[in-house]
Novice: 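Before I ask anything, here is the structure I am working with.
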Amino acid sequence: MSDLLDVRGLVTSFDTASGWIRAVDDVSLIVGKGKTVGLVGESGCGKTVTAMSILDLLEKPAGHILEGEILFKGEDLRKVSAKRMREVRGGEIGVVFQDSREILNPSHRIGKQLINAIRLHRKISRKQAKMRALELLDAVGIPDPRRMLVSFPYQLSDGMRQRVMIANALSCDPDLLIADEPAMSLDVTVQAQILDLIDSLKEKFEMGVLLITHDLGVVAQHCDDVVVMYAGRIVEHGSTRRVYSDPKHAYSKGLLFSMPRLTNVCKHYFQTIPGHPIANENLVSGCRFCQRMDRDKSVLLRTRPEYLEVWGDHWVEVCPECYKG
Amino acid sequence: MKNKGSDLLEIDGLCIHVPHRSGFFRLKTGVVKPVDEISLKIPPGKTLGLVGESGSGKSALGKAIVRLSQPSSGKIYFEGRDITRVRGRKLRALRKKIQMVFQDSKSSLNPRMSVGQLVEEPLRLQKVGRGWQRRARVAELLERVELPRNAMRKFPYEFSAGQCQRIAIARALALDPKLIVLDGSVSDLDVSIQAQIMNLLLDLQEEKGMSYLFMSHDFSVVKHMSDMVAVMYLGKVVEMAPAEVIYQQPLHAYTKAFLSGVPNPSPFEQQAPIALQGDVPSALNPPAGCAFGHRVGHVRYEESLGQELPFEEVTPGHWLLRCPCCGPI
Ligand SMILES: Nc1ncnc2c1ncn2[C@@H]1O[C@H](COP(=O)(O)OP(=O)(O)OP(=O)(O)O)[C@@H](O)[C@H]1O
Ligand SMILES: Nc1ncnc2c1ncn2[C@@H]1O[C@H](COP(=O)(O)OP(=O)(O)OP(=O)(O)O)[C@@H](O)[C@H]1O
Ligand SMILES: [Mg+2]
Ligand SMILES: [Mg+2]
């Protein structure tokens, strides 16, 4: 059986003032049915670009997919027609974006926007679509769905708006949900509710979920697998439990140790990831974490490290400096 | 003037009540209460962490402390002196001692000024030293916050969010203040950059003995930075205690709910966040009495309505907003 989403060797590049940059450089990841995969990494490492490449929403003409296959239910999304892509996006793949404020049209009522979105993908009457919208708003835990239909986006709190976005993403029973920082701008109490909501809907509808976040706590609680990305590449991936209990790559270790935890003692120094992130256009083709750590020139000139399966489905980029077996 | 003991900053029953007007005649239709009856203390050289959800009134409180806004009632004491209504020369002298780093440092830095000018500005406004002395001080400050030397001639847009945060910190440090109000300063940064900035802040505190008021909605970050923690909900401080204590023995239902929602970074421990009902009530005309009980569906919620709740010290150093539904009786 093939996986729900199987991205292989994705390379995405942008044409910028300082030349071509490979924002995503050979990324492969798999999201199975009913599984949640967390994509983590620092700001600018290419998480959003990965999602946008999958959805064919790259800023044209600057952004291009250069290589790779994006197999969704066995079909390569890079090869399908624009019409089919529109069907897939928002239909079979639901999307929750990083900033929901920009997606909802401020001058239309929520109901109108939801109903239009539903009817874009399904040939049903307005009335049926309205019923469906009410059902969805109820499913995402909105207390008074009827009133919500006639509200404008500005009348909603951030948490409510994010719920509406999730309702919107789920409107066509997607098989896959791509959620880019779905709860980042929200308060912890609301964030917990939204993520639990995604969890329960995932189980109910047997969706796969690609959850993009930089909160490692969120990944620990909600993801089956975790993919750690650094400077456009994946340095480590595996089941959340394996990677968290036994991170192999120096970057994943740094990331895990530097996160603030409630269990740490008060007023205490943080562990940090040494070095500074390197600007995109200056990245080497060898191990990029070595470059950050300012290691020897000779180390940097090496070729790109290979992947090694250290344990069942736990893969690491085996740079001799960053991975000590 | 009244002397209020040894604390660097003491706030006593501070309120910021803003009349809300609407309609054609701008009639007063209610009162917004971003800050309502808050009392706090910060000893010299210590950090008070202030946590609260978005809209709880942290920034409003911070702005009142640095005297960017005028409180409607209550008192602020700094070094034992009442500063609630100082103006003119005295206010300018005060600005040397209390500084604030804003939430969104990138947009709070004037984009038309170079980094050198930005960091020099407070020195210039306070007429400290001569030009060359000031420039030497700027170079020293930029080095202290670990920015590259050539940063001086660059502009804020050429820097990342983390670097802008450092510029803002350098600016706040320029006058060697006694108190820095840090408003959500690290929340939008990456873990690794966040960690660097917080280490820098801890170092600076050790070196110069400043006090911080550190505001954030991230409980784990606040724990890392603070000696004392105050939890804020809808304009009120509901609980305040030494940092270790508040994590180990939270008393107020809101503190417990908040703590339970902080994602646990261990995949081996299942977390069960306390489910809250409804949204945070609006700061416009908040009900007298407990504004939280209904969100945990407490049976004794109604008892608190209409009452003024007392903020009391339950055990030494542990303060609690007493109410019939949200805490131990
Ligand atoms: N339209 C664009 N043109 C040029 N470069 C771009 C464009 N969009 C993204 N990039 C570059 O691609 C890299 C990856 O960006 P991306 O938005 O995927 O980061 P991210 O991992 O989602 O970060 P964050 O956590 O901040 O959202 C960045 O270095 C960015 O500068
Ligand atoms: N001068 C004012 N007039 C009217 N309303 C105000 C005023 N200042 C603050 N408010 C309101 O008070 C509430 C508290 O705002 P504040 O910005 O202090 O929250 P915060 O705790 O800093 O939140 P965040 O974590 O999102 O920064 C908000 O609802 C805000 O709209
Ligand atoms: Mg992103
Ligand atoms: Mg604020």
Novice: Using the six-membered ring of B:Tyr212, assess whether NZ or CZ of B:Lys46 lies under 6.0 Å from its centre and within 45 degrees of the ring axis.
Specialist: no
Novice: B:Glu207: what forms a salt bridge (charged side-chain N to carboxylate O under 4.0 Å, His left out) with it, not counting sequence neighbours?
Specialist: B:Arg144
Novice: Side-chain atoms of residues 267-274 of chain A: list all donor-acceptor pairs with protein atoms under 3.5 Å, sequence neighbours left out, distances to 0.1 Å.
Specialist:
from     : atom 1 : to       : atom 2 : distance (Å)
A:Lys267 : NZ     : B:Gln205 : OE1    : 2.8
A:Lys267 : NZ     : B:Asp227 : OD2    : 2.8
A:Tyr269 : OH     : B:Asp203 : OD1    : 2.4

Novice: Considering only heavy atoms, which portion of B:Leu259 lies under 4.5 Å from any heavy atom of chain A: side chain, backbone, both, or neither?
Specialist: both
Novice: Looking at B:Gln196, B:His224, B:Lys223, which has the largest count of heavy-atom pairs under 4.5 Å with chain A?
Specialist: B:His224
Novice: Could you tell me which residues in residues 234-245 of chain A have at least one non-hydrogen atom under 4.5 Å from a non-hydrogen atom of chain B, sorted by residue number?
Specialist: A:Thr240, A:Arg241, A:Tyr244, A:Ser245
Novice: Taking atom types as modelled and ignoring hydrogens, do the side chains of A:Tyr251 and A:Glu42 form a donor-acceptor contact shorter than 3.5 angstrom?
Specialist: yes
Novice: With only heavy atoms counted, which part of B:Ser260 is less than 4.5 Å from chain A, the side chain, the backbone, both or neither?
Specialist: neither
Novice: If you count heavy-atom pairs under 4.5 Å with chain A, which of B:Pro273, B:Gly49, B:Ser220 comes out on top?
Specialist: B:Ser220
Novice: Does the pair A:Asp224/A:Lys202 count as a salt bridge with the N-to-O cut at 4.0 Å?
Specialist: yes
Novice: Side chain, backbone, both or neither: which part of B:Phe258 has a non-hydrogen atom closer than 4.5 Å to chain A?
Specialist: both
Novice: Please enumerate all residues that pass side chain to side chain contact (heavy atoms under 4.5 Å, CB included) together with B:Thr315, with sequence neighbours excluded.
Specialist: B:His318
Novice: Do other residues, nucleotides or ligands put more than 12 heavy atoms under 6.0 Å from B:Glu143 CD?
Specialist: no
Novice: Could you look at A:Gln193 and say if it's the side chain, the backbone, both or neither that has a heavy atom under 4.5 Å from chain B?
Specialist: side chain
Novice: So, B:Asn264 and B:Gln271: side-chain donor and acceptor under 3.5 Å apart, yes or no?
Specialist: no
Novice: Does a sphere of radius 6.0 Å around CG in A:Asp246 hold more than 12 heavy atoms from other residues, nucleotides or ligands, not counting ones at 6.0 Å or beyond?
Specialist: yes
